Protein chains: 2
Amino acid sequence: MLESQQRSSYTGALSPEYALLGFLALREAHGYGLHQQLVQELGQVWHVSLSQTYNILGRLERQGYISGSMMPQDKLPARRTYHLTQAGRRRFDQWLQSPSGCSVHAIRVEFSTRLYFALLLQPGYADELIDLQVKVVQGGLQRMRKALSCMPPEQTVNRLGLSLRIRQLTSVAEWLTECRTALGPAHDMER
Amino acid sequence: MLESQQRSSYTGALSPEYALLGFLALREAHGYGLHQQLVQELGQVWHVSLSQTYNILGRLERQGYISGSMMPQDKLPARRTYHLTQAGRRRFDQWLQSPSGCSVHAIRVEFSTRLYFALLLQPGYADELIDLQVKVVQGGLQRMRKALSCMPPEQTVNRLGLSLRIRQLTSVAEWLTECRTALGPAHDMER
DNA sequence: CCAACATACTCACCGAGTGAGTATAGGGTA
DNA sequence: TACCCTATACTCACTCGGTGAGTATGTTGG
């Protein structure tokens, strides 16, 4: 009964792990620095504490996507430098190709992150990424509008809840076109 | 640096625990039934699995906000019937009075839930609740707009991220006025 | 007669996220 | 010189969020 949503087996895409993989795709780094980078570059997108960053790095290493080794420094304490494994590279590349779901949160954090790395790694691909996402959003909007029209009127709060989701997704669609115009000029200069 | 957000000590307000407290404020009930109620009445607002419902009930009981006792049934297996304690009643009443933060998610789920119970328990209060929330949202919007104007232009993705948050919150504000008109007529009949 | 479905939970597990703690180095001040 | 604050660089223990599988029984449809 209207359980759409596309939850399925949770892929962890809504934690900043791909951002960390992305930074490591650019160059190897250690946890503390990665956290600083995350805050500076994507602080408006993700809000992650230092220990959370280490948690994710630990998990990514356990799962074999990154691998780290202690690098002693003179004066300052030794630090663990991570680099992407082949599996990690594959995972990141694959993620970069696939559009986000059509939940507002997914788009705000995951799509923005994807856009960030697309601009850095293959700027010509950004437009395509946005178009792809627009299509997903449009599809989601249709489904939601249909669901709303099918909902009994006495479900006041449920109707309002869905109505808000529709408004939110509509403004996401508008924002996506804003993205295109915001990136358009710089993008033209690239090619 | 722009850590606004009002995180502070996390109050658990973004899990459906208050919805469960609310249902129990109306009448005592057992886990399975509470879950059904949650899905039927607020399914567009919260997406909670059965086991998650039991998790939360377990925690609420450990924390002393609800208390349950096994009620044997003939034929069907015995079930644990919960009722609100005084502490739970206080907690729920206090929550019902206080506006949500100005994050989109907080409003979508928490405010909607508050509105749902306000309409059931003290319908005359709903308008006031909405007005209160509008003020919070307007304040948040101002802070975000200011933050955006202060952000360096080279922070493209961060700027876009904040811009989306602003769009989202703007559409929340519009939705709140939709709430008022949607509830207005029924509401007039109440007084 | 059997399968599917509804009732009513329980359990084990992993990821999300926080806060406190550890240790060292460098810079400023009283 | 003693002291404190900040920055670097983590580690640990803990709670909450959330899922999926499993258990056990009764009812209903083919």
Side-chain angles (χ1 to χ4, degrees), chain A residues 1 3 5-20 28-40 46-63 65 68-82 103 105-106 109-110, chain B residues 1 3 5-20 28-40 46-63 65 68-82 103 105-106 109-110:
Chain A
M1 182 256 220
E3 265 303 342
Q5 246 66 52
Q6 108 280 340
R7 39 181 86 253
S8 67
S9 65
Y10 177 62
T11 58
L14 292 182
S15 99
E17 60 177 83
Y18 286 100
L20 295 175
E28 61 173 34
H30 55 281
Y32 190 86
L34 284 167
H35 180 252
Q36 285 188 315
Q37 216 175 341
L38 196 54
V39 169
Q40 275 169 35
W46 300 104
H47 301 117
V48 187
S49 67
L50 185 56
S51 36
Q52 176 65 354
T53 302
Y54 285 111
N55 280 346
I56 296 168
L57 288 173
R59 176 160 44 92
L60 287 173
E61 183 162 32
R62 274 200 312 280
Q63 295 174 339
Y65 297 120
S69 46
M70 293 308 286
M71 297 291 189
Q73 308 178 96
D74 48 327
K75 310 245 168 168
L76 282 174
R79 59 196 190 179
R80 192 166 186 78
T81 302
Y82 289 103
S103 98
H105 186 239
V109 296
E110 206 195 348
Chain B
M1 181 255 223
E3 265 303 343
Q5 246 66 49
Q6 108 277 344
R7 41 183 83 253
S8 66
S9 65
Y10 178 62
T11 58
L14 294 182
S15 99
E17 61 177 84
Y18 286 101
L20 295 176
E28 61 173 34
H30 55 282
Y32 191 86
L34 284 167
H35 179 253
Q36 285 188 315
Q37 216 174 340
L38 196 54
V39 169
Q40 275 169 33
W46 299 102
H47 301 117
V48 187
S49 68
L50 185 56
S51 36
Q52 177 66 354
T53 302
Y54 285 112
N55 280 346
I56 296 168
L57 288 173
R59 175 160 45 92
L60 287 173
E61 183 162 33
R62 275 200 313 281
Q63 295 174 340
Y65 296 121
S69 46
M70 293 308 288
M71 296 293 190
Q73 307 179 96
D74 49 328
K75 309 242 168 170
L76 282 173
R79 59 197 189 178
R80 191 166 185 80
T81 302
Y82 289 103
S103 97
H105 186 239
V109 296
E110 206 194 348

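Every value quoted in this text rests on a predicted model; they were computed, and no experiment measured them. Quick note on labels: first sequence line is chain A, next is B, and so on, each numbered from 1.
- Atom CG of Leu34(B) is separated from atom C1' of dC9(C) by 13 Å (rounded to the nearest Å).
- Rounded to an integer number of Å, the gap from Gln37(A) CD to dT8(D) P is 14 Å.
- Contacts of Leu50(A) with the nucleic acid, taken as non-hydrogen atoms under 4.0 Å apart, include base atoms.
- When side chains are defined from C-beta on, Ser69(A) counts as touching Met71(A), because their heavy atoms get closer than 4.5 Å.
- You'll find a donor-acceptor pair under 3.5 Å spanning the side chain of Ser51(B) and the base of dG20(D), going by distance alone.
- Taking atom OH of Tyr54(A) as the reference point, atom P of dA16(C) lies 18 Å away to the nearest angstrom.
- Taking atom NE2 of residue His47(B) and atom P of nucleotide dG17(D), one finds them 17 Å apart after rounding to whole Å.
- A search for side-chain contact (heavy atoms from CB on, under 4.5 Å) contacts involving Tyr32(B) returns His30(B), Gln36(B), Leu50(B), Tyr54(B), not counting sequence neighbours.
- Looking at every heavy atom in both residues, Pro72(A) comes nearest to Ala78(A) through CA-CB, 3.7 Å.
- A pairwise comparison of heavy atoms in Thr53(A) and His35(A) identifies OG1-CD2, 3.0 Å as the closest pair.
- Interface remark: the Asn55(A) side chain does not form any donor-acceptor pair with the dG15(C) base, using a distance-only criterion of under 3.5 Å.
- Residue Ser15(B) places no side-chain N or O under 4.0 Å from the OP1 or OP2 atom of dC16(D).
- If you find the closest nucleotide of DNA chain D to Arg80(A) and to Gln52(B), the one lying nearer the 5' end belongs to Arg80(A).
- Computed from coordinates, the His35(A) NE2 to dT8(D) P distance equals 12 Å when rounded to whole Å.
- Residue Gln73(B) has no polar side-chain atom (N or O) positioned under 4.0 Å from OP1 or OP2 of dT7(C).
- Distance Leu38(A) CG to dA16(C) P: 14 Å, rounded to the nearest Å.
- Checking the phosphate oxygens (OP1, OP2) of dT8(D), a side-chain nitrogen or oxygen of Tyr32(A) falls inside 4.0 Å.
- The phosphate of dT15(D) (OP1 or OP2) has no side-chain N or O of Arg62(B) nearer than 4.0 angstrom.
- Regarding contacts with the backbone of dT19(D), a side-chain N or O of Ser49(B) is found under 4.0 angstrom from either OP1 or OP2.
- OP1 or OP2 of dC16(D) lies within a sub-4.0 Å distance of a side-chain N or O belonging to Gln63(B).
- As a whole-Å value, the separation of Arg79(A) CZ from dA23(C) C1' is 16 Å.
- We find that CG of Leu60(A) is positioned 14 Å from C1' of dC14(C), with the value rounded to whole Å.
- For Gln36(A) and dA9(D), the shortest distance from a side-chain N or O to OP1 or OP2 is not below 4.0 Å.
- Residues meeting the salt bridge (Lys or Arg N to Asp or Glu O under 4.0 Å) test with Arg80(A), sequence neighbours left out: Glu61(A).
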